[in-house]
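This structure is a prediction, so every number in the text was calculated from the model and none was measured. Atom set for the values below is all heavy atoms of this structure, side chains included, hydrogens, waters and symmetry mates excluded. Positions are given from 1, in the same order as the sequence printed here.
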Amino acid sequence: MSFIKKLSLLCLGGVLFFASVTAHSAQAQIAGQSQETATEVTEATEATEATEVTETVEATEVTEATETVEVQADPPVEVQETEAATTDTATTDTATTDTATTDTATTDTATPAPARANIENYGALKAYVDGIVEGYMQRDNIAGATLSIVQDNKVIYSNGYGASHLDDFAAVSAENTLFRIGSISKTFIWTALMQLREAGKLNLNDPVNMHLPESLQLPDDDFENPILIRHLMNHNLGYEDSALGHLFVKDAVNLTPLREYLRKYRPEQVREAGVTTSYSNYGAAIAGVIVEEVSGQDFNSYVEEHIFNPLGMNSSSFREPYAPMAGMPAPIDPALAENISAGFAHKNGRLREQGFEFIEHIAPAGAMSATAEDMSRYMMAHLNLGGVKDQRILNEDTAKTMQEQSFSNTSGSNGFAHGMLEYSLPNHMRGIGHGGATLYFMSNMVLIPELNLGIFISTNTNTGYKLAYELPALFTQRFFAEQTQESTQTPPTDFAERGLRFTGTYLTDRHSYEGLEKITSMLMGFTNVGITSEGYLTTTGQLGTTSWVEVSPLHFQEVNGYKKLSFIEDEDGDITKMVNDFGVAAATKVGFLKSGAWFQLILPLTLLASLGSVIGAWLRRKRHINESLNESVASRLAAILGFVWLMFFIFFFTAIIKMAGMQELNVYSFPPSSMNIALTLGIIGFIITLINVPSFFVIWRDANWPFWRRIRHSLVIIFSILFVLTLYHWNLLGFHYF
């Protein structure tokens, strides 16, 4: 590897902290969270990565042939089916479709697989689920987990695993232990909006500003279309993403009321509303205010009265444990607060209990805490088209509408079902639901209407995202997939040539456009698309490399898997966007100068040129140089410029290293002081670069210096100009905090 490439990788290596930021974003991505840092894990990882765990489980699992298994846990809880109430037919948002000519890929003969497990065998069900969860917990150093699985209006399995506190060991209970569920909280906002729609108090096509107070009116930012309520639900309101330094609060005394937060941290609108998705915590919080304005109740009280109480969710709350404060919602009941699990981080080979992550200032987007048993009631209500026993939260027509796709970036791709995310599952089954992440809690809720099945899983450790996001697919594969494995597909014979138009670098639309956070997309936001000689399309990003095969124009299927990948083209037939299986955001195709590869190139070149300029000035300090006054001034200015850039790099990478080792720093106090010093030096470097530009012409006009010294001096100026432009592109020139 060349020296420049090594140096480039070393320089960029510090940026690895951004990988920890996503736990969005995903995005998480809270879903975010982009970051899911504080943002949510935006994409479910491959179920096949769990092979080592599943093999162990299947080796010990009780088989279906053994029908006399002794039940060692509570039996399934029967829930009476509720008679559906009639109501008006719900209006659905129409997704834009495009017509594609099918080009079917060649399929090899399917390989027989073991017989499908019998979900009615409770012993086998318990053995499999416990084995998966406990295997992941041991492998990934997870302190505790809680889950519930429902089907046909009954809880078929629920359990708690591990500990909610370590010092005074407290076992996790599915009935009593509350976990932070992150962005799954958002589904309660969307349910509330659908209730208000059902009551005739709003329409999904209403402009958002129709239901917002004057202080929170969203400006049009020179865009043609107004932002509608359905755009909030579909996460296509057109806003940029922002989370670091304000989404979570470490000390409750720093909490601010929801409306004050929304006024202070409003992101910029960067695209037309209704065009493509880009997950937005801000949009979800705005929806919470709409619930308040339309209902006349504060958000917490509305959810408690209209969702929690009817469903008997007595151990759930959006409230948080803090002392009563003026302007803030009343805190959580102390009895519930005692049952909230601690969050854990696995650091330096051991689990460490962490402080509470406050998010009450944007509560609708992700503040909810709940038990697995309570979440089972919520899942059954949605699967049972709005009700559990004799209590309903939605009428049947509204509940059906909520399960229908309301938007996707392109036809054939996953999108949103009125606020619910769409999931691809084994055997081509469709799931809806939501994931959720805080710094330390990783959760997932997947509903499969065709099976009347719901799965909720939450972990209390920052290493728990794989368990949370892989369990639903593993469970579905085990108990509901066909008895043959996924077929192996081979690509069309001419795709290796045709597929070149898909290749390139794609940057997720879910990132900051105007703020300093834009730099976080440098690592985690890019996906590189390539083509193999055999005609497979490959995507390489934060989660590794995946192979895909074309199944129709613009649409691809995961090789030996069940996930989908789609592309969008413009009227000229040029590929402009990529849409992955987890449709929280599209990704835009970018050129080399806007890619991370350019940053990796210009950064070490500028560093080397600056270092050479300073060293050269030092070596010449006592030598007599035959040069004009203008050349002498140019020499000194170049040395000063080189010194400023060297200082910039020192403080910039100091900040990066700090953030890489302290995830909480990114979330709670972004940016660190060393980054502020670097930003100041960036402005100074920009000014000195401008002053240096005339010297480029002076040294070639006077021509007293040796040829190679003039070349070196010219490169210092050229690289400095390019570096300034690069800093400007990534919002590192100036103080673009929020």
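- Across every non-hydrogen atom of L237 and Q269, the tightest pair is O-NE2, 3.7 Å.
- Between F686 and Y728, the distance separating the two ring centers is not shorter than 6.0 angstrom.
- L193 contributes atom CG, which lies 6.5 Å from atom CD1 of I290 (distance to the nearest 0.5 angstrom).
- Once rounded to the nearest 0.5 Å, the distance linking CZ of F358 with NZ of K250 reads 11.5 Å.
- Taking 4.5 Å as the limit, every side-chain heavy atom of T527 sits out of range of all side-chain heavy atoms of T505.
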What donor-acceptor contacts under 3.5 angstrom involve side-chain atoms of residues 362-370, with partners at least two apart or in another chain?
unit_1	atom_1	unit_2	atom_2	d
S369	OG	R180	NE	3.2

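- Residues L421 and G435 share a closest heavy-atom pair of CD1-N, 4.2 Å.
- D574 places no side-chain N or O within 3.5 Å of a backbone atom of D570 that could act as its donor or acceptor partner.
- Considering only heavy atoms from C-beta on, F356 stays 4.5 Å or farther from Y322 through its side chain.
- At least one donor-acceptor pair under 3.5 Å links the side chain of E272 to the backbone N or O of N225.
- For residues 281-295, the pairs satisfying salt bridge (charged side-chain N to carboxylate O under 4.0 Å, His left out) are R259-E292, R259-E293, with sequence neighbours left out.
- F456 and I181 make their closest contact through CZ-CG2, 3.8 Å (heavy atoms, listed as atom of the first residue, atom of the second, distance).
- Counting only distance, with no hydrogens or angles, the side chain of E240 and the backbone of E514 share a donor-acceptor pair below 3.5 Å.
- For T539, the side chain to side chain donor-acceptor pair (under 3.5 Å) partners are W548, not counting sequence neighbours.
- The structure places OG of S406 at 6.5 Å from CE of M233, a figure rounded to the nearest 0.5 Å.
- For the pair I286 and L232, the minimum side-chain heavy-atom distance is below 4.5 Å.
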Determine whether H729 and F599 satisfy the following criterion, ring-ring contact (aromatic ring centres under 6.0 Å, His included), listing intermediate values before the conclusion. CA-CA 10 Å; H729 173 73; F599 193 88; 9.7 Å; no
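- With hydrogens and angles left out, the side-chain atoms of D241 and S512 include no donor and acceptor closer than 3.5 Å.
- Taking CG of L244 as the reference point, atom NE2 of H246 lies at 7.0 Å (rounded to 0.5 Å).
- With rounding to the nearest 0.5 Å, the separation of CE in M675 from CD1 in I677 is 11.5 Å.
- Smallest separation of non-hydrogen atoms from I432 and A417: CG2-CB, 4.2 Å.
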Distance-only donor-acceptor hits, side chain of residues 210-219, under 3.5 Å, sequence neighbours excluded:
unit_1	atom_1	unit_2	atom_2	d
H211	NE2	D206	OD2	2.9
Q217	NE2	N209	O	2.9
Q217	NE2	L212	O	2.7

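- Aromatic rings from H511 and Y513 are positioned such that their centres are separated by under 6.0 Å.
- Checked by atom type, the side-chain pair H306/T191 shows no donor-acceptor distance below 3.5 Å.
- Formation of a donor-acceptor pair under 3.5 Å by the E360 side chain with backbone atoms of P329 is not found in this model.
- Looking only at distances, no side-chain donor or acceptor of E268 sits under 3.5 Å from a matching main-chain atom of G515.
- Side-chain contact check for S316 and Y378: no donor-acceptor pair (N or O, by modelled atom type) lies under 3.5 Å.
- If you check the side chains of N409 and T277, you find a donor sitting under 3.5 Å from an acceptor.
- Side-chain atoms of H418 come within 3.5 Å of backbone atoms of T401 as a donor-acceptor pair (strictly under, hydrogens ignored).
- Under the 4.5 Å side-chain criterion, counting only non-hydrogen atoms from C-beta, L565 is not in contact with T546.
- Residues satisfying the side-chain contact (heavy atoms from CB on, under 4.5 Å) test with S674, not counting sequence neighbours, are F651, T654, A655, K658, P672.
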Applying side chain to side chain contact (heavy atoms under 4.5 Å, CB included) to N236 and F416, what does each step give before you reach the verdict? CA-CA 10 Å; N236 60 358; F416 283 91; over 6 Å; no
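- Taking the six-membered ring for Trp and the full ring otherwise, the centers of F648 and F723 sit less than 6.0 Å from each other.
- Ring-plane geometry between Y265 and Y261 is classed as tilted, the angle between the planes lying from 30 to 60 degrees on a 0 to 90 degree scale.
- Between F735 and T680, some side-chain heavy-atom pair lies under the 4.5 Å cut-off.
- The minimum heavy-atom distance between S443 and Y469, with the atom names listed, is O-OH, 3.4 Å.
- Formation of a donor-acceptor pair under 3.5 Å by the E569 side chain with backbone atoms of E571 is not found in this model.
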Distance-only check: which donor-acceptor pairs under 3.5 Å involve side-chain atoms of residues 588-595, not counting sequence neighbours?
unit_1	atom_1	unit_2	atom_2	d
T588	OG1	D509	OD1	2.6
T588	OG1	K577	NZ	2.5
K589	NZ	R501	O	2.9
K589	NZ	T503	O	3.0
S595	OG	F592	O	2.6
S595	OG	A597	N	3.3

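- Atom OG in S458 sits 12.0 Å away from atom CE in M445 (nearest 0.5 Å).
- Looking at N414, its side chain does come within 3.5 Å of a backbone N or O of D581 through a donor-acceptor pair.
- No donor-acceptor pair under 3.5 Å is formed between the side chain of E198 and the backbone N or O of T398.
- With T461 contributing its side chain and T463 its backbone, the two residues share no donor-acceptor pair below 3.5 Å.
- The closest side-chain heavy-atom distance from L204 to M194 is below 4.5 Å.
- When only modelled atom types and interatomic distance are considered, N281 and K186 share a side-chain donor-acceptor pair under 3.5 Å.
- Taking 4.5 Å as the limit, every side-chain heavy atom of F670 sits out of range of all side-chain heavy atoms of L247.
- For G182 against T438, the heavy-atom pair with the smallest separation is CA-CG2, 4.3 Å.
- Y668 places none of its side-chain heavy atoms less than 4.5 Å from the side chain of N254.
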